[in-house]
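Take a look at the structure set out below.
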Protein chains: 4
Amino acid sequence: MAPKTKEQLEEIRKASRKVIMEAALELFGTRGYDGTSIEAIARKAGVAKGLIYNYFRSKEELLEQVVFEGFREFEPVIEQLLEIGDPRERLRQFIEISAQLIVEKERFYRLYTSTLLTIHTRKRLQKHIAEYFDRMLAELEKTLAEMGIEHPEVEAYTLSSLFDGLGLDYMIFGAENFPLRQIVENILKKYGLEDREAPDGSTSGNHISRANAERFNGNNTEPRIQTQQRGTP
Amino acid sequence: MAPKTKEQLEEIRKASRKVIMEAALELFGTRGYDGTSIEAIARKAGVAKGLIYNYFRSKEELLEQVVFEGFREFEPVIEQLLEIGDPRERLRQFIEISAQLIVEKERFYRLYTSTLLTIHTRKRLQKHIAEYFDRMLAELEKTLAEMGIEHPEVEAYTLSSLFDGLGLDYMIFGAENFPLRQIVENILKKYGLEDREAPDGSTSGNHISRANAERFNGNNTEPRIQTQQRGTP
Amino acid sequence: MAPKTKEQLEEIRKASRKVIMEAALELFGTRGYDGTSIEAIARKAGVAKGLIYNYFRSKEELLEQVVFEGFREFEPVIEQLLEIGDPRERLRQFIEISAQLIVEKERFYRLYTSTLLTIHTRKRLQKHIAEYFDRMLAELEKTLAEMGIEHPEVEAYTLSSLFDGLGLDYMIFGAENFPLRQIVENILKKYGLEDREAPDGSTSGNHISRANAERFNGNNTEPRIQTQQRGTP
Amino acid sequence: MAPKTKEQLEEIRKASRKVIMEAALELFGTRGYDGTSIEAIARKAGVAKGLIYNYFRSKEELLEQVVFEGFREFEPVIEQLLEIGDPRERLRQFIEISAQLIVEKERFYRLYTSTLLTIHTRKRLQKHIAEYFDRMLAELEKTLAEMGIEHPEVEAYTLSSLFDGLGLDYMIFGAENFPLRQIVENILKKYGLEDREAPDGSTSGNHISRANAERFNGNNTEPRIQTQQRGTP
DNA sequence: GATGAATGAGTGTTCATTCAT
DNA sequence: GATGAATGAACACTCATTCAT
């Protein structure tokens, strides 16, 4: 019961902030910003509603912070990527890591995508994400140019969109129903990049022969919707 | 003195329904379902709030109807597509038409994408969209198989995701800042499909040399945010 | 299609008015005034919403007219009752007829009772019902006085309240579960009035041995609520 | 700086809950359930509309809680009553207490009666009230049987209805215009039960010679409606 | 006489935010 | 730092009433 030291307080602050942001990431991602209440975030985080306002000025700021933090976590990965000298290896890593992030940061991807859709109403987020995009596209273009690929800018946009689409469909189909690993290998092959090892073994065993109708049903336990099945070769 | 005839009423109902669905499509797409109020839809449609409930039982049903209607408009295009005998031409048309739809049905695409993100909570929509996906993927796979492409199923998923991603980025970047036409031509080239003519000339002149920082600013008239520019080669 | 004569129009008006008031009586009685919408009344009456406003200035006026009409139907019965010379026979008839009205005018009774409860907010109805009450109580008191009963005014109030209570409980328990006929005979006996014949045979065969828990369940077909049963002797 | 203690919070919650239920009791009783808005309850309770939903999940639940609470307050009185060994004294007390409750719990009686009228749509309330009714009727019947009264079940129903009717008329006429005390004494006399002392002297001095026309005007301060007076003998 | 599309105030309910403790 | 009761604006939805035909 002795008064806490500054360091202890700082620890506490950090921990509380973290637990709130975790809950917010989860809920904003799955239910959308407007579909998530502060009450729900507080409940999931196990804190009182009022506490959230000790750390964030508003719900909007909480969203921003969660998104910013998500990008911040990408930083070291990207830095590392850019240090790779060989452009072919750099592209291979870029593709592998992008796929890996889709799997490992699914909650962030979901939030990021849904944020994109309403971004015109969120100025600060808009700026932040624009800068990130700019940078990624520029680096990607440079890499592709170094590899001697024609129209490297167009190709950069294409790859970038492809991964945005893969993230979207991966979320919608669910991990079990979307052949992400095979797609990635297919992409690598197109660029003539051998896939030496799958960085995440958990997705590489995907079978894509399941009825697609099941893929939307995600984790929920209710009886799956039956739609006409298509034959799988 | 007589009450309105059945035809007059039918006419009136159709028009009102239309104007409400138009407003809903626009707003659901740009602000999301939860971010759009019935009040706002009514205001945009120029009708009283209560009238919406003469035509739709609930906000949720309005969303469904707007989405269903959007898919319904695709039907004839898809039918026509499937009648093409030559698989190469069929794929070419598939790619062209998909791109065209991104441009011409931007509002629907926006709604469709944002709906996907929270789809697990909307059973009827889920079923509808799952069936659509199934069908598209199956046809695409068949086409690719006929063309002798390896792993046609993986390729079908890849193409499908690519177009989902293109739709997403096209919306985010804005038509003027996203080189959709060039990307499409690039895709066609990869499949060895010559682009005989662009079906929509309005987008083919895109220059992609503009500062990307501007691309997020879309149509809004507020002063554009300045971010660091990247060099264009 | 020849233009209708004045008499025909008058017929039509009367019929429409009637059908609306019937529907209103039913719904106001079972769901309460505030629980009943004009829409619902129109639907039950099989007419358009707007038509109701051709005959009644407002929902409130419709309520009034329905209540007034209900009292009006009592008039001839009461007139006839008051013409009976013998006070004993007059009381017997009063009791019998009151019970009969509970059964035959259940819908009106329901409406009348629920109206009583919120009567302080309905001035015109208040006046009307007060006059009716005054008159009934006065006549009842006179009858009881003629019979030589002590405290005829108190007795009149008591009898009046008893029948209000019987009406209430009859509605709540439901015809099948409330031994109205036996109660009436019991009352008659107390006043030394032999019950020569039951005016409504349909209720006289009541068995009161059913579990009381069932009596609230009325006509609905859902599984009945189980409450502890009490033994019936 | 510390958060409020559990005890303080409990205190606050209890007080708020109480003030809301008080207001609801008053308004539901006088205006009916559908005629009472949450807004009105909040205003009368002196709290914000939203607060009500901190304590009750819905308007319907608020109604239930108010009714349940009303019955709960009867419990000890009934318990005490049932412990009386002498059936004559028990009946006397039953009658006295019933009358007393009409006076002291007028607001609850009003609510209870108006609830009865629409009870078929409220399952939980229905069950609760059915059980209460069952119990009262069973005990009343037992008491009457012990007293050697003929047809005790019919008599129990009769007495029960009588008090329902007295409650109804007491509310409608208003305390000053309804000779409840005299009626009770009249009832007691019929069962040969001497009224040793009136438990509530305030009503015993009622004069019933006032113009009945006034009796509906209750407490409201608006100019009273004049209806024809009837002579008092 | 009769219709039903249209209106907008009002309803029950939710929720971001504040604040006393 | 942390709590949760309290607020009130905003929401989805309902409904009495109007009116052109």
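In what follows, chains are A, B, ... by sequence order, proteins preceding strands, each numbered from 1.
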Considering only heavy side-chain atoms of C:I12, the closest of E:dG1, F:dA5, F:dA2 is E:dG1

Rounded distance (Å) that lies between atom P of E:dG12 and atom CD1 of D:I41: 8 Å

Separation of atom NZ in C:K18 from atom P in E:dG1, rounded to whole Å: 19 Å

Roughly how far apart are B:L27 CG and B:E22 CD, rounded to 0.5 Å? 11.0 Å

Given the ring of C:Y33, does C:R122 sit roughly above its face, with NZ or CZ under 6.0 Å from the centre of the six-membered ring and within 45° of the axis? yes

With a 3.5 Å limit on both atom pairs, tell me what E:dA9 is paired to, counting Watson-Crick and G-U wobble, or say none. F:dT14

Under a 3.5 Å cut-off for both distances, is F:dT21 Watson-Crick or wobble paired, and to whom? E:dA2

Angle between ring planes, A:F108 versus A:F71, binned at 30° and 60°: parallel, tilted or perpendicular? perpendicular

Gap between atoms CD and C1', on D:E11 and E:dT21 respectively (whole Å): 15 Å

From F:dT17, E:dT13, E:dA5, pick the nucleotide closest to the side chain of D:K59? E:dT13

Donor-acceptor check, side chain of B:K44 to backbone of B:I20, threshold 3.5 angstrom: yes or no? no

In this structure, how many angstroms lie between the P atom of E:dC15 and the CZ atom of D:R57, rounded? 15 Å

With the side chain of C:A48 defined as its heavy atoms from C-beta on, choose the nearest nucleotide among F:dA6, E:dG4, F:dT3. E:dG4

Most 5' of D:L9 and B:S37 on DNA chain F, judged by nearest nucleotide: D:L9

Atom-pair distance (CZ on D:R43; P on F:dT7), nearest Å: 14 Å

Let me know the distance between CD of C:E39 and P of E:dA6, rounded to the nearest Å. 15 Å

Within less than 4.0 Å of OP1 or OP2 of F:dA2, is there a side-chain N or O belonging to A:Y55? yes

Residue whose nearest DNA chain F nucleotide is more 5′ - B:T36 or C:S58: B:T36

Taking 4.0 Å as the cut-off, does a side-chain nitrogen or oxygen of B:S16 come that near to OP1 or OP2 on E:dA5? no

Side-chain atoms of A:I38 come closest, of E:dG1, E:dT17, F:dC11, to E:dT17

Per B:Y53 side chain, nearest of listed nucleotides E:dT17, F:dA16, F:dA12: F:dA12

Write down the distance between CD1 (C:I20) and P (E:dG1), rounded to a whole number of angstrom. 11 Å

Rounded interatomic separation in angstrom, taking CG from A:L51 and P from E:dT17: 15 Å

Could you check whether the side chain of B:K49 and the base of E:dT7 have a donor-acceptor pair of N or O atoms closer than 3.5 Å, going by distance alone? no

Tell me whether the side-chain N/O atoms of A:N54 come closer than 4.0 Å to OP1 or OP2 in F:dG1. yes

Ignoring hydrogens and angles, tell me if any N or O in the side chain of D:S114 forms a donor-acceptor pair with the backbone of D:L111 under 3.5 Å. yes

What class does the angle between the rings of A:Y109 and A:Y112 fall in, given that below 30° is parallel, 30 to 60° is tilted and above 60° is perpendicular? perpendicular

